Amino acid sequence: MTKKSSGFGNDADEFSPDSQNQGCPYSNNELDTGWVSRVQDKLATWFEGAQRTLPWRQDRDPYRILVSEMMLVQTTVTAVVPYFERFLARFPDVEALATADEPDVLKLWEGLGYYRRARQLHAAAQMIVSKHGGVMPMDPKQIRELPGVGRYIAGAILSQAFDLPEPILEANSQRVLARLIGWRGEQGSSETLRRLWGCAERLVPSRGAGNFNQALMELGALICTPRSPSCLICPVSEECRARREGLQDVIPTLTRRPEPLAASESSIVVRRAGRCLIVKRGPGGLWEGFWEFPTIHLEGANPGKRPTRDDTDSRWCPGDDRAPGRDRA
DNA sequence: AATCCGGGGGC
DNA sequence: GCCCCAGGATT
């Protein structure tokens, strides 16, 4: 890795007037090899004694890592644990998942949200079986080709399952790294992500990458929390620029959330002979392919891409799909 | 670069 | 009530 490609060079643009870090000039003096080594060692040592016992940490099975990462996308650890246990009991290996029927997979996902992930995971399992002989490939490019697998999940699999020195960057490590280097750019902006990915690349050790990456995330979950970080018991507080400058409460820079859109809908329950009519939701919208009572969109947002009053003549929903015979009114 | 995709935990 | 969560795909 060259000095410039590391993203932490002394380039003049680091201090350009229009830099978002004006007033807190970004310096590379914390990213020299000494600083990197200290952060690596202190985090690894802390992680040995402080890590939580989580069901996907009991071994390095890449299938289990994949399932956990897919479930953990924008979802808290506490929410995932029971789902993970049930899912692995029903689909203990990649072949079992690959040969499963999609409705059975979705049923185990019910309540987790982001149901696209369940379909992607199912398809990924089928791809691993059909294209890779049922074995998770160790090639970053091939892993990234799996549906639902981006740079983060690929790095997590490569480092945690195969101990390859691939970086990761997600919600926890974004916060941890931003504070460590005192980066004041806006949370989630492309410049911030570029900078933090570079930092993650610089920090990931050539050996023990899986544990280091997990230590970064564990620190964010347990110590370096979004609000009121526990700097007094943080193993890397001495290496933290935000801490040194008293900026731990303003980093990362928060972004305003857009206001939720109001939506108005109308549903009808059609009962006959003790049964109810249900219809299947159409493609491309919220809860795609799920069953519900016939519903039309009235006004406001229409996240399910539902039909409105004007097109209810002959079809109840965009999917134009009727309930199975036993459920029809 | 912006939007969409969900549901729940925690304060 | 509001913020946040082991991101990725699509436009």
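Per chain, numbering begins at 1; letters A, B, ... match sequence-line order. Everything quoted here is computed from the prediction, not taken from an experiment.
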Note to self: Let's go through A:Glu85 and A:Arg90 carefully: what are the C-alpha distance in whole Å and the side-chain angles of both, what is the deciding distance for salt bridge (Lys or Arg N to Asp or Glu O under 4.0 Å) to 0.1 Å, and is it a yes or a no?
What the structure shows: CA-CA 9 Å; A:Glu85 304 278 24; A:Arg90 174 71 178 80; over 6 Å; no
Next item on the list: Kindly say if A:Thr78 contacts the phosphate of B:dG9, meaning a side-chain N or O under 4.0 Å from OP1 or OP2.
Entry: no
Checklist line | First encountered from the 5' end of DNA chain C, between A:Trp56 and A:Val149 | finding: A:Trp56
Next item on the list: Look at all strands and tell whether A:Gln120 reaches a base, only sugar-phosphate, or nothing, counting heavy atoms closer than 4.0 Å.
Entry: sugar-phosphate
Notebook entry, point to check: Going through the checks in order, is the side chain to side chain contact (heavy atoms under 4.5 Å, CB included) test met by A:Val149 and A:Leu66?
Noted result: CA-CA 9 Å; A:Val149 175; A:Leu66 173 64; 4.0 Å; yes
Check: Taking all atoms of both residues into account, what is the closest heavy-atom pair of A:Pro235 and A:Leu219, and its distance?
Finding: CD-CD1, 3.6 Å
Check: Just checking A:Arg144: base, sugar-phosphate only, or nothing, at a heavy-atom cut-off of under 4.0 Å?
Finding: nothing
Check: Of A:Arg227 and A:Arg116, whose nearest nucleotide on DNA chain B comes first from the 5' end?
Finding: A:Arg116
Notebook entry, point to check: Rounding to a whole Å, what distance do you find between A:Leu222:CG and B:dG10:P?
Noted result: 13 Å
Item checked: salt_bridge(A:Arg306, A:Glu292) N-O dist < 4.0 Å -> yes
Note to self: Check the phosphate of B:dC4 against A:Trp287, side-chain N and O only, distance under 4.0 Å to OP1 or OP2. Yes or no?
What the structure shows: no
Margin query: Measuring from the side chain of A:Thr76 (C-beta onward, heavy atoms only), which nucleotide among B:dG8, B:dG6, B:dA1 has the closest atom?
Written below: B:dG8
Margin query: Taking any heavy-atom pair under 4.0 Å as a contact, classify A:Ala79: base, sugar-phosphate, or nothing.
Written below: nothing
Next item on the list: For A:Leu193, report the nucleic acid contact type (base, sugar-phosphate, nothing); a contact means any heavy atom under 4.0 Å.
Entry: nothing
Checklist line | Rounded interatomic separation in angstrom, taking CD from A:Gln74 and P from C:dA9 | finding: 14 Å
Checklist line | B:dG6 versus C:dT11 - spacing of their P atoms, nearest Å | finding: 16 Å
Checklist line | Between P of B:dG7 and CG of A:Leu72, the distance in whole Å | finding: 17 Å
Next item on the list: Grab the CE-C1' distance between A:Met71 and B:dG8 for me, whole Å please.
Entry: 15 Å
Note to self: What's the closest nucleotide to the side chain of A:Leu286 if the choices are C:dG7, B:dC5, C:dA6?
What the structure shows: B:dC5
Checklist line | Any N/O donor-acceptor pair, A:Thr75 side-chain to B:dG6 base, under 3.5 Å | finding: yes
Checklist line | Rounded distance in Å between the P positions of C:dA6 and B:dT3 | finding: 24 Å
Notebook entry, point to check: Under 4.0 Å between a side-chain N or O of A:Arg117 and OP1 or OP2 of C:dA9?
Noted result: no
Notebook entry, point to check: Using a cut-off of less than 4.0 Å, is there contact between a side-chain N or O of A:Tyr114 and OP1 or OP2 of B:dC4?
Noted result: no
Notebook entry, point to check: Rounded to whole angstrom units, what separation is found between the CG atom of A:Leu158 and the P atom of C:dA6?
Noted result: 21 Å
Note to self: Could you check whether A:Arg86 makes a cation-pi contact with A:Tyr83, meaning its NZ or CZ is under 6.0 Å from the centre of the six-membered ring and within 45° of the ring axis?
What the structure shows: yes
Checklist line | Per A:Leu254 side chain, nearest of listed nucleotides B:dG7, C:dC4, B:dA1 | finding: C:dC4
Check: Whole-Å distance between B:dT3 P and A:Glu259 CD?
Finding: 14 Å
Item checked: N-O pairing of A:Arg241 and A:Glu245 below 4.0 Å -> yes
Note to self: Rounded to whole Å, please give me the gap between CD1 in A:Ile157 and P in C:dA6.
What the structure shows: 18 Å
Checklist line | Nearest-nucleotide pick for A:Pro303, side chain only, options being B:dG6, C:dG7, B:dC5 | finding: B:dC5
Notebook entry, point to check: To the nearest Å, how far apart are A:Gln174 CD and C:dC4 C1'?
Noted result: 12 Å
Next item on the list: Determine the contact category for A:Ser190: base if any of its heavy atoms lies under 4.0 Å from a base atom, sugar-phosphate if only primed atoms, P, OP1 or OP2 are that close, otherwise nothing.
Entry: sugar-phosphate
Check: What nucleic acid atoms does A:Gly220 come within less than 4.0 Å of, heavy atoms only: base, sugar-phosphate, or nothing?
Finding: nothing
Notebook entry, point to check: Can a cation-pi geometry be assigned to A:Arg281 and A:Trp291, taking NZ or CZ under 6.0 Å from the six-membered ring centre and within 45° of the ring axis?
Noted result: no
